[in-house]
Engineer: 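I have a structure here, written as structure tokens, and I will follow up with some questions on it.
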Amino acid sequence: MEGLGLVVCGEAAPFSTALRSLVNNPRYSDVCFMVGQERQEVFAHRCLLACRCSFFQRLLGSEPGPRVPSPVVLSTVPAEAFLAVLEFLYTNSVKLHRHSVLEVLTAAVEYGLEELRELCLEFVVKVLDVELVCEALQVAVTFGLGPLQERCIAFIEAHSQEALRTRGFLELSAPALLPLLRSDKLSVDEAELVRAARSWARVGAAVLAQPVAEVAAPVVRELRLALLAPAELSALEEQNRREPFIPVEQIVEAWKCHALRRGDEARGAPCRRRRGTLPREHHRFLDLLFK
């Protein structure tokens with residue numbers, strides 16, 4: 001029995017508190033980071049980072065020496081998010097905040113910290129609201145976080161009008177906007193969705209210095225123009241002449257749907273109603289009812 005050992009554990013809280021006191025503490029630190037656009041100085045301990053995270057092991061090197069630049073510049077991660085990452089690495093716990101959790105999640109994904117990523121995902125789901133949801137959707141699409149993407153889309157489907165008015169919606173990438181425009185469950189009328197898509201394209205055009213129609217091209221085909229009444233379609237066509245946004249042939253397809261009065265015969269013209277589509281007189285001719 002003398003050869004057998006027994007692992008006994010002391011209290012975890014004092015240990016965690018002691019390690020937390022080392023976060024961004026220059027005492028005994030042997031690596032300094034310049035973090036964020038402001039190049040905030042953050043101190044850390046190379047051995048702890050390297051043993052906890054393979055990203056830092058590769059970044060800092062397996063052996064101390066002059067090869068490691070000092071300070072290490074990490075300009076893409078905000079200081080608050082980086083400090084949260086350090087807190088997790090030092091203590092295996094972290095205090096998350098609604099306003100910064102997506103930045104912490106992004107850092108966790110980029111640094112390969114799966115446990116921190118899962119903690120962030122759980123927190124995002126708990127605090128998801130209209131102001132946060134589009135930003136969360138963008139992160140989910142960027143990093144291939146399927147469950148979070150589905151959760152965000154479902155939330156936007158239920159709160160479509162509010163979500164479309166947020167800054168986060170205007171800043172979505174085309175790949176993030178596409179699954180929304182393809183959804184039958186958006187609780188918004190098509191006329192309002194067209195206006196929101198135009199606003200999105202205008203913002204993108206200003207940022208990218210490209211024409212509105214060029215920015216809109218990857219997503220505009222998902223707008224269901226045949227759902228609009230003739231007067232609305234005429235007004236849209238006139239606006240489109242002044243500010244090209246929708247391909248002319250797409251508008252022609254919508255008019256064809258009206259002329260044929262059969263949604264299934266207007267090739268390429270999406271006539272399926274969404275959850276929030278307001279009834280119009282010509283809808284009785286559409287064959288594909290919303291389910």
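Only a predicted model underlies this, so the values are computations on that prediction, with no experimental measurement involved. For the numbers below, each heavy atom of this structure counts, side chains included, while hydrogens, waters and symmetry mates do not.
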Engineer: Regarding Glu80 and His99, do their side chains bring together a donor and an acceptor under 3.5 Å, going by distance alone?
Structural biologist: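 Judged by distance alone, the side chains do pair up.
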Engineer: Does the side chain of Pro230 come within less than 4.5 Å of Leu233's, by heavy atoms?
Structural biologist: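 No, their side chains stay 4.5 Å or more apart.
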Engineer: Side-chain contact, heavy-atom cut-off 4.5 Å: Val220 with Gln250?
Structural biologist: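 Of all side-chain heavy-atom pairs linking Gln250 with Val220, at least one is under 4.5 Å.
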Engineer: Indicate whether any N or O donor in one side chain lies under 3.5 Å from an N or O acceptor in the other, for Arg20 and Ser93.
Structural biologist: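 Looking only at side-chain atoms, Ser93 and Arg20 do form a donor-acceptor pair, the distance falling under 3.5 Å.
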Engineer: Is the backbone of Leu236 close enough, under 3.5 Å, to the side chain of Asn240 for a donor and an acceptor to pair up by distance?
Structural biologist: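 No, Asn240 side chain to Leu236 backbone: no donor-acceptor pair under 3.5 Å.
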Engineer: Could you tell me the separation between the CG atom of Leu137 and the SG atom of Cys134, rounded to the nearest 0.5 Å?
Structural biologist: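 Answer rounded to 0.5 Å: 6.5 Å.
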Engineer: Taking salt bridge (charged side-chain N to carboxylate O under 4.0 Å, His left out) as the definition, give me every residue that meets it alongside Glu238, ordered by chain and number, with sequence neighbours left out.
Structural biologist: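 With neighbours one apart ignored, the set is Arg241, Arg242.
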Engineer: For Arg198, does the CZ atom sit with more than 12 other heavy atoms under 6.0 Å from it, leaving out its own atoms?
Structural biologist: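 Count over threshold, so yes.
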Engineer: Examine distances only and state if a side-chain atom of Ser199 and a backbone atom of Arg195 form a donor-acceptor pair shorter than 3.5 Å.
Structural biologist: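 Flag set: sc Ser199 to bb Arg195 pair under 3.5 Å.
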Engineer: May I have the step-by-step check of side chain to side chain contact (heavy atoms under 4.5 Å, CB included) for Leu105 and Leu145, ending in yes or no?
Structural biologist: CA-CA 11 Å; Leu105 173 59; Leu145 304 173; 4.1 Å; yes
Engineer: Evaluate the ring planes of Trp255 and His258, with Trp represented by its six-membered ring, and classify them as parallel (under 30°), tilted (30 to 60°) or perpendicular (over 60°).
Structural biologist: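 Judged by the thresholds at 30° and 60°, the geometry between Trp255 and His258 is tilted.
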Engineer: Report yes or no: does Ser160 contribute a side-chain atom to a donor-acceptor pair with the main-chain N or O of Glu157 at less than 3.5 Å?
Structural biologist: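 Looks like yes, one N/O pair under 3.5 Å.
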Engineer: Tell me whether Glu190 is salt-bridged to Arg273, with the criterion being a basic N under 4.0 Å from an acidic carboxylate O.
Structural biologist: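 Judged by the 4.0 Å cut-off on N to carboxylate O distance, Glu190 and Arg273 do not form a salt bridge.
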Engineer: Do Ile156 and Val130 have side chains that get closer than 4.5 Å, going by heavy atoms?
Structural biologist: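 Of all side-chain heavy-atom pairs linking Val130 with Ile156, none is under 4.5 Å.
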Engineer: I'd like to check Val73 versus Arg39 (side-chain heavy atoms, cut-off strictly below 4.5 Å). Are they in contact?
Structural biologist: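 Yes - at least one pair of side-chain heavy atoms lies under 4.5 Å apart.
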Engineer: For residues 162-172, which side-chain N or O atoms pair as donor and acceptor with protein atoms under 3.5 Å away, sequence neighbours left out?
Structural biologist:
unit_1 : atom_1 : unit_2 : atom_2 : d
Arg165 : NH1    : Gln161 : O      : 3.4
Arg165 : NH2    : Glu192 : OE2    : 3.4
Thr166 : OG1    : Ala163 : O      : 2.8
Thr166 : OG1    : Phe169 : N      : 3.3
Arg167 : NE     : Glu171 : OE2    : 2.8

Engineer: Nearest 0.5 angstrom please: Glu114 CD to Leu116 CG, how far?
Structural biologist: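 Between Glu114 CD and Leu116 CG, I get 11.0 Å after rounding to 0.5 Å.
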Engineer: Determine whether the side chains of Gln138 and Ser173 contain a donor N or O and an acceptor N or O closer than 3.5 Å.
Structural biologist: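 Yes, a side-chain donor-acceptor pair sits under 3.5 Å.
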Engineer: Please tell me if the side chains of His159 and Ser187 come closer than 4.5 Å, counting only heavy atoms from C-beta onward.
Structural biologist: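 No, too far: nothing below the 4.5 Å cut-off.
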Engineer: Grouping I, L, V, M, F, W and Y whenever their side-chain heavy atoms are under 4.5 Å apart, do Phe55 and Leu48 come out in a common cluster?
Structural biologist: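 Same hydrophobic cluster.
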Engineer: Dump the intermediate steps for salt bridge (Lys or Arg N to Asp or Glu O under 4.0 Å) on Glu249 and Arg221, then the final yes or no.
Structural biologist: CA-CA 10 Å; Glu249 58 270 22; Arg221 281 285 179 183; 3.5 Å; yes
Engineer: Kindly confirm or rule out a cation-pi arrangement of Arg52 over Phe88, judged by NZ or CZ under 6.0 Å from the six-membered ring centre and within 45° of its axis?
Structural biologist: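 Yes - Arg52 lies over the ring of Phe88, closer than 6.0 Å to its centre and within 45° of its axis.
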Engineer: Whether the side chain of His283 engages the backbone of Pro279 through a donor-acceptor N/O pair (distance < 3.5 Å, no angle test) should be reported.
Structural biologist: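 No, the answer is negative, given that no donor and acceptor are paired below the 3.5 Å cut-off.
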Engineer: Sequence neighbours excluded and cut-off under 3.5 Å, please list the side-chain donor-acceptor pairs for residues 4-19, or say none.
Structural biologist:
unit_1 : atom_1 : unit_2 : atom_2 : d
Thr17  : OG1    : Ala13  : O      : 2.9

Engineer: Applying side chain to side chain contact (heavy atoms under 4.5 Å, CB included), run through Arg275 and Val188 and close with a yes or a no.
Structural biologist: CA-CA 7 Å; Arg275 176 180 291 162; Val188 63; over 6 Å; no
Engineer: For Arg224, does its backbone N or O pair with a side-chain atom of Arg272 as donor and acceptor, under 3.5 Å?
Structural biologist: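 No, the answer is negative, given that no donor and acceptor are paired below the 3.5 Å cut-off.
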Engineer: Between Gln40 and Leu83, what is the shortest heavy-atom contact and its length?
Structural biologist: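 Where Gln40 meets Leu83 most closely, the heavy atoms are NE2-CD1, 4.3 Å.
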Engineer: Measure the CD-CZ distance between Gln239 and Phe245 for me, rounded to the nearest 0.5 Å.
Structural biologist: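 So the gap between those two atoms works out to 9.0 Å.
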Engineer: Do Leu49 and Tyr90 come close enough that some side-chain heavy atom pair is under 4.5 Å?
Structural biologist: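 They are in contact (side-chain heavy atoms under 4.5 Å apart), so the answer is yes.
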Engineer: Would you mind reporting whether Leu193 and Asp189 have side-chain heavy atoms less than 4.5 Å apart?
Structural biologist: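 Not in contact.
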Engineer: Quick one: pull up CZ in Arg58 and SG in Cys53 and give me the separation to the nearest 0.5 Å.
Structural biologist: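 Output value for this atom pair is 7.5 Å.
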Engineer: Which atom names give the shortest non-hydrogen contact between Ala44 and Phe33, and what distance separates them?
Structural biologist: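 Here Ala44 and Phe33 meet closest at CB-CE1, 3.9 Å.
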Engineer: In terms of hydrophobic clusters joined by side-chain contacts under 4.5 Å, are Val212 and Leu208 together?
Structural biologist: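 Per the 4.5 Å side-chain linkage, Val212 and Leu208 are co-clustered.
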Engineer: When you measure from the side chain of His45 to the backbone of Val23, do you find a donor-acceptor pair of N or O atoms at a distance under 3.5 Å?
Structural biologist: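 The answer is no, because no donor-acceptor pair under 3.5 Å joins these two groups.
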Engineer: Quick check on the hydrophobic clustering: are Val219 and Val248 connected, directly or via other members, by side-chain heavy-atom contacts under 4.5 Å?
Structural biologist: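 Hydrophobic grouping puts Val219 apart from Val248.
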Engineer: Can you give me the closest heavy-atom contact between Leu74 and Tyr111, atom names plus distance?
Structural biologist: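 Of all heavy-atom pairs spanning Leu74 and Tyr111, the closest is CD1-OH, 4.0 Å.
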Engineer: When rounded to the nearest 0.5 angstrom, what distance separates CG in Leu89 from CZ in Phe56?
Structural biologist: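 Going from the CG atom of Leu89 to the CZ atom of Phe56 covers 6.0 Å.
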Engineer: Can you get from Leu102 to Phe123 by hopping between Ile, Leu, Val, Met, Phe, Trp and Tyr side chains that sit under 4.5 Å apart?
Structural biologist: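 Result: yes, single cluster for both.
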Engineer: Is it possible for you to say whether Phe82 and Leu22 belong to one hydrophobic cluster, with membership spreading through side-chain heavy-atom contacts below 4.5 Å?
Structural biologist: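 In one cluster with Phe82: Leu22, yes.
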Engineer: How close do Leu128 and Val133 get, counting heavy atoms only, and between which atoms?
Structural biologist: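 The answer is CD1-CA, 3.8 Å.
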Engineer: Looking at every non-hydrogen atom in both residues, tell me the closest pair between Leu223 and Arg274 and how far apart they are.
Structural biologist: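 Of all heavy-atom pairs spanning Leu223 and Arg274, the closest is CA-NH2, 4.4 Å.
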Engineer: What are the two closest heavy atoms between Arg280 and Glu232, and how far apart are they?
Structural biologist: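 Arg280 and Glu232 have their closest heavy atoms at NE-OE1, 2.6 Å.
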Engineer: Look at the side chain of His282 and the backbone N and O of Cys257, then say whether any donor-acceptor pair between them is shorter than 3.5 Å.
Structural biologist: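 No; zero donor-acceptor contacts below 3.5 Å.
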Engineer: Is the shortest side-chain heavy-atom distance between Met34 and Val42 below 4.5 Å?
Structural biologist: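 The answer is no; the side chains never approach within 4.5 Å.
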Engineer: Roughly how far, to the nearest 0.5 Å, is the CD atom of Glu103 from the CG atom of Leu96?
Structural biologist: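 With rounding to 0.5 Å, CG (Leu96) is 12.0 Å from CD (Glu103).
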Engineer: Run through Val101, Val125, Val94, Val139 and flag the one making a side chain to side chain contact (heavy atoms under 4.5 Å, CB included) with Cys120.
Structural biologist: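 One option only clears the test, and that one is Val101.
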